[in-house]
Amino acid sequence: MTLASARRRYVTDAIQTVSPQQLVVMLYDRLLLDITRAGEALERRDLEAVNAQLTHAQDIVLELESSLDPSLWSGGPTLMALYRFLHNELITANVTKDAARIQICRGLVEPLATAWRQAASGLAEDLTSRAASAQQLHQSTQPLQAVTT
């Protein structure tokens, strides 16, 4: 197994075992990385790298958009509209090689990434707390079960 195939397998396994919330966080983190790298590549005039990074960013936005069910919460339609706007901005930034549009995209994504990170962290803490409470309850009822059986 080559190093590249081992890395691909590791990434695939990691993606398949994370929670849906953590997967969204991972997508946002990679989206920010792609946008940042595109801006840096544009400064170097590496247009091939700009294209690759912005195309990958577009793919991520399409994945976020396709996984969103806007009917599940009141902010859903607004987030869907934002994804569509962001996708169009990424396309335009790529076609025109416009640094200002790349920065606009980054400015839109950063607060969303932070919000998702905080939401996923809060959910994980809540689940951990509930699991600990359930474990304590189970441990406190164990002697009763032994007596009644």
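Counting begins at 1 with the first residue of the sequence. Since we're looking at a predicted model, the values are computed, not measured.
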- Enclosure of Arg45 CZ (heavy-atom neighbours >12, cutoff 6.0 Å): no
- Message: Show the nearest heavy-atom pair for residues Val50 and Ala38, with the distance to one decimal.
- Response: CG2-O, 3.6 Å
- Message: Let me check something: do Leu112 and Leu23 share a hydrophobic cluster, defined by ILVMFWY side-chain heavy atoms less than 4.5 Å apart, either directly or through other members?
- Response: no
- Message: Under 4.5 Å between side-chain heavy atoms, counting indirect links through other Ile/Leu/Val/Met/Phe/Trp/Tyr residues: same cluster for Val61 and Leu33 or not?
- Response: no
- Query: At what distance, to the nearest 0.5 angstrom, does CD of Gln22 lie from CG of Asp29?
  - Reply: 8.0 Å
- Nearest heavy-atom pair of Pro77 and Pro70: which atoms, and what distance? CD-O, 3.4 Å
- Cluster link Leu47 to Ile102, ILVMFWY, side chain under 4.5 Å: yes
- Calculate, to the nearest 0.5 Å, the distance between atoms SG and CG belonging to Cys105 and Asp34 respectively. 11.5 Å
- Message: Is there a continuous path of hydrophobic side-chain contacts, each under 4.5 Å between heavy atoms, that joins Leu79 to Leu32?
- Response: yes
- Item | Donor-acceptor pair, side chain of Gln58 and main chain of Leu54, under 3.5 angstrom | yes
- Task: Evaluate side-chain contact (heavy atoms from CB on, under 4.5 Å) for Ile35 paired with Leu31, printing each intermediate quantity in order.
- Result: CA-CA 6 Å; Ile35 293 170; Leu31 180 57; 4.0 Å; yes
- Item | Candidate pair Tyr83 and Leu108, rule side-chain contact (heavy atoms from CB on, under 4.5 Å), full reasoning | CA-CA 10 Å; Tyr83 285 158; Leu108 289 171; over 6 Å; no
- Note on the structure: Between Val25 and Ala120, the two heavy atoms sitting closest are CG2-CB, 3.8 Å
- Message: Is there a path of hydrophobic side-chain contacts, each under 4.5 Å between heavy atoms, that joins Leu27 and Phe85?
- Response: yes
- One should read off an interatomic distance between Ser121 OG and Arg117 CZ, to the nearest 0.5 angstrom, of 10.5 Å
- Nearest 0.5 Å, what's the CZ-CG distance between Arg84 and Leu62? 10.5 Å
- Message: Under the criterion side-chain contact (heavy atoms from CB on, under 4.5 Å), I'd like the reasoning laid out for His56 against Arg30: C-alpha separation, chi angles, the key distance, then a yes or no.
- Response: CA-CA 9 Å; His56 192 254; Arg30 181 55 197 252; 3.7 Å; yes
- Message: Set out, in order, the CA-CA distance, both residues' side-chain angles and the distance that settles side-chain contact (heavy atoms from CB on, under 4.5 Å) for Tyr28 and Leu64, then state yes or no.
- Response: CA-CA 9 Å; Tyr28 271 105; Leu64 289 167; 4.1 Å; yes
- How many angstroms lie between atom CD of Glu89 and atom CG of Asp98, to the nearest 0.5 angstrom? 8.5 Å
- Query: Nearest 0.5 Å, what's the CG-CD distance between Leu82 and Glu65?
  - Reply: 10.5 Å
- Is the backbone N or O of Asn51 less than 3.5 Å from a side-chain atom of Thr55, with the two atoms forming a donor-acceptor pair by type? yes
